[in-house]
Every structure is written in C-alpha cells, then in structure tokens.
Amino acid sequence: MNFATKAVHAGVEPDPSTGAIMTPIFQTSTYVQAAPGDHKGYEYSRTHNPTRTALQKALAALENGRHGLCFATGMASIDAVVKLLKPGDEVVSTNDLYGGTYRIFTKIFEPFGIRFKFVDMEDPANVAAAITDKTRLVWVETPTNPTLRIVDIAAIAKLTKGKNILLAVDNTFASPALQNPMDLGADIVMHSVTKFLGGHSDVVMGALVVNDDALAERLAFIQNSCGATPGPQDCFLVLRGLKTLHLRMERHCANGQAVAEFLAQHPKVGKVYWPGLPGHPNHAVAKRQMRGFGGMMSFTIKGDNMEDALHFLRTCKLFSLAESLGGVESLMGHPASMTHASIPREERQRTGVTDSLIRLSVGVEDAADLLADLQAALG
Ligand code: P1T
C-alpha cells in the first residue's frame, strides 16, 4: 500500500459489533472476564485498550515497522527507550536536539549512572569517534530541533549494526510522510505524536515503532510497568488526525518552501536554517533520505540583536507565539527562552541557538497571507 492509502486505512477495521467505520473510543478501564484468564485479549486499559491498539497498528504501518507503542507524551516514549539501558552504559546523542530530551538525558538519567556524549552528527566521523565498547544507544534527531541540521541515518546505521548498539531516531520534525528511519537502518523510531501526527494542536502523546519482536516485548513491558500510556480519547483524536497526514504535509512542505525562500532573500534576515535550501550544509543528504523538506525552519535577524527578535515576535499576527509545532496553524518560538531554555547558554550558542534565533512551524494557511505577515513584521 502507498503512504496516502495507509494514512487513511492502516490499523482501522470496522467495529465488529456495529460496523462503525471509525474506531470507537473505548472509554473503559477494565474488561469483564468469563473466568480468571478467560478474556478477549484485553484485561486492563494500562496494558491494552482497543482504541490504542488501532493507533499503534496505524503508526507501525506508517513507519514500515511491525510494532507500535504509544505513550502519554513524547518525553514518556524517550524515557522508555533509555530504560532499556543500565548503569555504566553510554549513549551518543546529537548535540542539537529538543531541550526536553537534553534535560531528561542529563538531569534524570545521568544521576542513575548512564553516560551521555553530545556530538555534531552532521559528520558521521564524530559518531564513530564517540562510540566505545560501552555504547549501547545512539540517539539521532533529524532534522534537529531547532537548527534543522540533517544527520545521515544510513551512515550512522553502518556504525551501529552488529555491535549491540541500538540506533533510535526522533522523527518528529519530518513525520513518516517525509522520512522512514527504519528503512535506513534504525532500530527504533520515536515521535512526539503531539506534533505533525496529531496535527491539530489538541493532543499531547508519544510513540515508538520497532521491527524486532524481542525489543518490542521489552518496550511493552516498560510501557505497562511504568504506566505512561495515553487515554482512548486522545488515541481517537490522533487516529482522526492521521487520515490527513499526507495532505497536511504536502501543504506544510509547499508553504515551508515559500517562507524559506522569502526569508533567504530578505535584507533584514541573517541565517535561514531549512534543509530544502541548496546552501544548507547537508542538503544533499536531506534530498536522499527525505521525500520533502517540511514546514519547520529557524532564522536569525541580521545583527543578531535580541531586541529585534522580540519586536518581530510581538509584531507577527498570523504566526502565534507558542511552544510546540506541527499543527495546521503557523506558530513561532524563541528557542533560547522557550523550548531550549534548559540547555546551558554556552552549549546553546555553540549549536547556533543564539539569542535572536526564531523558530517557525509553518502551517497550512494561504502562503501569500503568511508572507504578508512576515513582511510586515520584518519591516
Ligand atoms: O512534548 P512531547 O510530546 O513530550 O514531546 C517531546 C519532544 C520530543 N522530540 C522532539 C523533536 C520535540 O520537538 C518534542 C517536543 N517539542 C516541543 C514542545 C517544541 O516546541 O519543540
């Protein structure tokens, strides 16, 4: 099945008791058993819920994987992956990544004896140099949040294969409509479902997709034991969002291109970070491993002056100032004070998250209206 057909149909069967075409919201905590252990595959909703099962199947299909696991938030899904490790294990991670991921790695898991190394993965040689016989996980985010760096997933997979090292890819910025990391050799794909998968800024959720049966079993054990699972109503909303994922992503990409090209030629704009621009350092890799460049981008205002950035954020009208991304409406953010405030300033500056950096999540509105809004704010 091709992607658009999977987006509409994957995981979803008409309800056997009524024929309802939409998966019902199974708003139940438990399931009646005829005798102890004699049940229909469902015992308790932390462990299994039919609405969640449908969503997990749909997400697995969209990532070309065999097993999907949903979590209460994107962070809970990252938490589950790191809980596969034990004290003394090492993780090699991208140095530009969502601030919350950096925070859980350094503030929650480092005190438990897991060691994290943050490297610039635009050059896979840096990953090769950081891997030791203690490395058990390589954590890739691509495109990275917020400077849209691109990591060559297939090149990193060559470094981890056959070495008892899991390769996990946070695919939140691309969504499975634009990139399928497992096809490039990843063992685990992670999503903040909150973003493009949900697509309507009304749900917070996370997901993992894997192929390996034993790995899926270990993660399902963590999912059930730690209990950060989403409720059925949220699963229903995401099932509904997925049906238009391919259509939304087409418009995010088209609007993203219009906005990036507009910013790139604007005399008041400094740097523009968008993987679709030919001047992006890893544009060729993005072209190879992605089917489109998406609607996420960041830029600086010439002179790199905090006041100018704040003026811009106060003046824009269609782009709303808010954390998060990937919804139908355009959002803008100031990573240094919002999404990436938990990363120390020197660390941030090194990866380009300067005080004037502005991140845009370009929505699916009319492109001309978006450009007019940006033009007015830059003026
Ligand atoms: O917010 P949550 O669903 O828990 O997902 C965390 C997360 C993980 N990975 C990436 C790449 C993310 O962007 C996020 C969440 N990011 C934001 C809220 C943000 O505005 O960048």
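Counting starts at 1 for both ligands and their atoms, following the listed order. If you're wondering where the values come from, they're calculated on a predicted model, not measured in any experiment.
- The stretch residues 118-162 participates, sequence neighbours left out, in these ring pair (Phe, Tyr, Trp, His ring centres under 6.0 Å) pairs: Y102-F118, F105-W139.
- There is no side-chain donor-acceptor pair under 3.5 Å between K163 and T160.
- Between H280 and Y273, the distance from one ring center to the other does not fall under 6.0 angstrom.
- Contacts classified as side chain to side chain donor-acceptor pair (under 3.5 Å) and involving residues 204-228 (residues at least two apart or in different chains) are given here: R46-N224, T47-N224, Q56-Q223, R66-D213, H67-D213.
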Within the protein, flag every N or O under 3.5 Å from an N or O of ligand 1, and note the pair and distance.
{"from": "ligand 1", "atom 1": "3 (O)", "to": "G74", "atom 2": "N", "distance (Å)": "3.0"}
{"from": "ligand 1", "atom 1": "3 (O)", "to": "S192", "atom 2": "OG", "distance (Å)": "2.8"}
{"from": "ligand 1", "atom 1": "3 (O)", "to": "T194", "atom 2": "OG1", "distance (Å)": "2.6"}
{"from": "ligand 1", "atom 1": "4 (O)", "to": "G74", "atom 2": "N", "distance (Å)": "3.0"}
{"from": "ligand 1", "atom 1": "4 (O)", "to": "M75", "atom 2": "N", "distance (Å)": "2.9"}
{"from": "ligand 1", "atom 1": "5 (O)", "to": "S192", "atom 2": "OG", "distance (Å)": "3.0"}
{"from": "ligand 1", "atom 1": "9 (N)", "to": "D170", "atom 2": "OD2", "distance (Å)": "2.7"}
{"from": "ligand 1", "atom 1": "13 (O)", "to": "N145", "atom 2": "ND2", "distance (Å)": "3.0"}
{"from": "ligand 1", "atom 1": "16 (N)", "to": "K195", "atom 2": "NZ", "distance (Å)": "3.1"}
{"from": "ligand 1", "atom 1": "20 (O)", "to": "S324", "atom 2": "N", "distance (Å)": "2.7"}
{"from": "ligand 1", "atom 1": "20 (O)", "to": "R359", "atom 2": "NH2", "distance (Å)": "2.9"}
{"from": "ligand 1", "atom 1": "21 (O)", "to": "N145", "atom 2": "ND2", "distance (Å)": "3.0"}
{"from": "ligand 1", "atom 1": "21 (O)", "to": "R359", "atom 2": "NH1", "distance (Å)": "2.8"}
{"from": "ligand 1", "atom 1": "21 (O)", "to": "R359", "atom 2": "NH2", "distance (Å)": "3.4"}

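- Using a cut-off of 4.0 Å between Lys/Arg side-chain N and Asp/Glu carboxylate O, E90 and K117 are scored as salt-bridged.
- Identified under the side chain to side chain donor-acceptor pair (under 3.5 Å) test for residues 316-329, with sequence neighbours left out: S201-E329.
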